Amino acid sequence: MAMSRILAVVTNQATYGTNPHRTGLWIGELVHFHARVRQAGFEVDLVSPEGGPAPLDPRSTKWSDKAVREYMRDRAFMSSLDHTSKAADIDPARYAAIFYTGGHGVMWDFPSNTALQQAAREIYENGGVVSSVCHGACGLLNIKLSDGSLLVDGRTVTGFSTAEERVAMVKKRVPFLLEDELRKRGAHYVGNTIPMTPFATADGRLVTGQNPYSTKAVTAKIIEALHHL
């Protein structure tokens with residue numbers, strides 16, 4: 001597979017559902033992925049369920065590191081976050097991989113978006129990589145392959161754990177528990193026993209990272225999987 005473009009998926013959801021408490025994209029998860037895959041020679045296009053602006057989780061900008069601060073000073077990059085493509089408008093045939101970023105906002109707009117599910121299915125069935133980090137695994141929950149089976153059924157995956165929802169003190173705000181929902185769909189959920197520490201796993205061309213601190217680890221596995229295509 002000679003394609004060198006990756007689709008990075010970001011949320012349009014700025015609050016915890018109807019609760020006014022603010023959330024959105026956890027920007028570090030996009031930045032660390034973006035920086036490393038660009039370094040490896042891949043181009044990244046941003047897509048969201050509805051297109052347009054991707055709100056940023058205020059906590060993620062507050063707890064930023066040098067790379068995040070540099071990206072946030074990059075006007076072209078920040079403009080791209082305000083003008084994401086709509087999932088229904090993209091051509092999956094152009095992409096070698098899809099990467100679902102996290103932040104709690106995705107729990108509301110990733111699982112039910114059929115255009116994203118279709119894009120991921122096409123990329124996967126074309127021999128590409130499907131990947132996520134943290135709550136981005138919400139985007140994997142309902143992807144069905146052409147034979148009607150769920151992508152995650154029988155596969156080893158990770159994502160933000162129930163213990164980590166407790167640590168983040170938002171367990172009562174979330175619409176579901178990601179770890180439980182992955183298991184309900186037949187996935188073999190694995191993760192680090194110590195919350196908020198790096199962990200990533202690859203099951204063939206399905207690559208997942210557990211939490212924001214896992215972005216570099218999962219990106220390394222994504223690049224490795226892409227080099228084997």
Side-chain angles (χ1 to χ4, degrees), residues 7-31 33 46-64 68 78 81-90 98-120 130-144 150-152 157-185 187 189 191 195-196 208-215:
L7 202 57
V9 192
V10 293
T11 187
N12 299 120
Q13 180 74 25
T15 59
Y16 283 75
T18 55
N19 182 316
H21 192 83
R22 298 196 67 73
T23 182
L25 163 68
W26 198 271
I27 191 168
E29 295 172 9
L30 177 61
V31 165
F33 168 79
L46 298 184
V47 65
S48 61
E50 297 303 324
L56 303 182
D57 188 304
R59 289 178 305 165
S60 75
T61 57
K62 192 169 69 179
W63 297 343
S64 61
V68 170
M78 295 308 288
L81 276 174
D82 283 332
H83 301 93
T84 65
S85 299
K86 185 176 179 176
D89 295 338
I90 55 118
I98 185 169
F99 175 67
Y100 291 88
T101 62
H104 280 91
V106 307
M107 302 187 85
W108 280 267
D109 64 354
F110 279 12
S112 60
N113 192 275
T114 52
L116 283 176
Q117 291 161 26
Q118 187 177 338
V130 172
S131 58
S132 66
V133 70
C134 197
H135 286 94
C138 293
L140 309 179
L141 291 172
N142 299 318
I143 298 169
K144 276 191 179 170
L150 287 167
L151 174 66
V152 297
V157 298
T158 192
F160 208 65
S161 68
T162 302
E164 287 167 331
E165 296 289 12
R166 289 194 194 98
V167 170
M169 296 187 290
V170 292
K171 186 169 177 270
K172 290 182 176 162
R173 286 198 190 112
V174 296
F176 56 84
L177 295 169
L178 177 56
E179 181 182 331
D180 290 354
E181 291 302 315
L182 286 164
R183 288 200 175 102
K184 281 180 193 171
R185 284 156 178 80
Y189 178 89
M196 303 297 189
T208 49
Q210 184 174 341
N211 51 43
Y213 305 99
S214 306
T215 307

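Residues take their numbers from the sequence shown, with the count starting at 1. As the structure is a prediction and not an experimental result, all values here were calculated from the model.
- Taking each heavy atom of Pro49 and Leu116 in turn, the nearest pair found is CG-CD1, 4.0 Å.
- In terms of the side chain to side chain contact (heavy atoms under 4.5 Å, CB included) criterion, residue partners of Ser64 (sequence neighbours excluded) are, by chain and number, Val68, Arg69.
- Taking NZ from Lys86 and CG from Asn113, the interatomic distance works out to 9.0 Å, rounded to the nearest 0.5 Å.
- If you take CG on Leu182 and SG on Cys138, they are separated by 8.0 Å, rounding to the nearest 0.5 Å.
- The shortest heavy-atom contact between Lys171 and Val174 is O-CG2, 3.3 Å.
- At a threshold of 4.5 Å between non-hydrogen side-chain atoms, the residues Tyr16 and Val170 count as touching.
- Under a 3.5 Å cut-off, the side chain of Asp109 and the backbone N or O of Asn12 do form a donor-acceptor pair.
- Residues passing the ring-ring contact (aromatic ring centres under 6.0 Å, His included) test with Phe160 are His104, His135, sequence neighbours excluded.
- Without hydrogens or angle criteria, Gln13 side chain to Trp108 main chain gives no donor-acceptor distance under 3.5 Å.
- Looking only at distances, no side-chain donor or acceptor of Ser60 sits under 3.5 Å from a matching main-chain atom of Trp26.
- Between Thr11 and Met107, the closest side-chain pair of non-hydrogen atoms is not below 4.5 Å.
- In this structure Arg173 satisfies the salt bridge (charged side-chain N to carboxylate O under 4.0 Å, His left out) test with no other residue, sequence neighbours excluded.
- To the nearest 0.5 Å, the span separating CG on Asp57 from NZ on Lys62 amounts to 9.5 Å.
- Summarising the geometry of Gly103 relative to Thr23, their closest heavy-atom pair is C-OG1, 4.3 Å, with the distance given to 0.1 Å.
- Residues Leu56 and Leu25 form a side-chain contact, since some pair of their non-hydrogen atoms from C-beta on lies under 4.5 Å apart.
- Of the possible donor and acceptor atoms, one in the side chain of Tyr189 sits under 3.5 Å from a partner among the backbone N and O of Gly159.
- Nearest heavy-atom pair, Leu140 versus Thr208, reported as atom, atom and distance to 0.1 Å: CD1-CG2, 3.6 Å.
- Using a 4.5 Å cut-off on side-chain heavy atoms (C-beta onward), Phe176 and Leu141 make contact.
- By the neighbour-count criterion of 12 heavy atoms within 6.0 Å, atom CZ of Arg185 is densely surrounded, having more than that number from other residues, nucleotides or ligands.
- Counting heavy atoms from C-beta on, the side chains of Val133 and Phe99 come closer than 4.5 Å.
- Between the side chains of Glu164 and Asn211, a donor-acceptor pair is found at a separation under 3.5 Å.
- Contact record, Ile143 with Gln117: CG2-O, 4.0 Å, taken as the closest heavy-atom pair.
- Atom OG of Ser85 sits about 13.0 Å away from atom CD of Glu50, to the nearest 0.5 Å.
- A search for side chain to side chain donor-acceptor pair (under 3.5 Å) contacts involving Ser131 returns nothing, not counting sequence neighbours.
- When side chains are defined from C-beta on, Pro20 does not count as touching Thr15, because their heavy atoms never get closer than 4.5 Å.
- In this structure, Leu46 and Leu81 have side chains that are in contact, with non-hydrogen atoms separated by less than 4.5 Å.
- Taking Glu179 as the reference, Arg183 meet the salt bridge (charged side-chain N to carboxylate O under 4.0 Å, His left out) condition, with sequence neighbours excluded.
- Taking every heavy atom of both residues into account, Cys134 and Pro212 meet most closely at SG-CD, 3.6 Å.
- With hydrogens and angles disregarded, a donor-acceptor distance shorter than 3.5 Å links the side chain of Thr101 to the backbone of Val9.
- Separation of atoms CD1 (Ile27) and CZ (Arg59) is listed at 14.5 Å; rounding is to 0.5 Å.
- To the nearest 0.5 Å, the span separating OG on Ser112 from CG on Asn142 amounts to 8.0 Å.
- Every residue meeting the salt bridge (charged side-chain N to carboxylate O under 4.0 Å, His left out) condition with Lys184, not counting sequence neighbours, appears here in chain and number order: Glu181.
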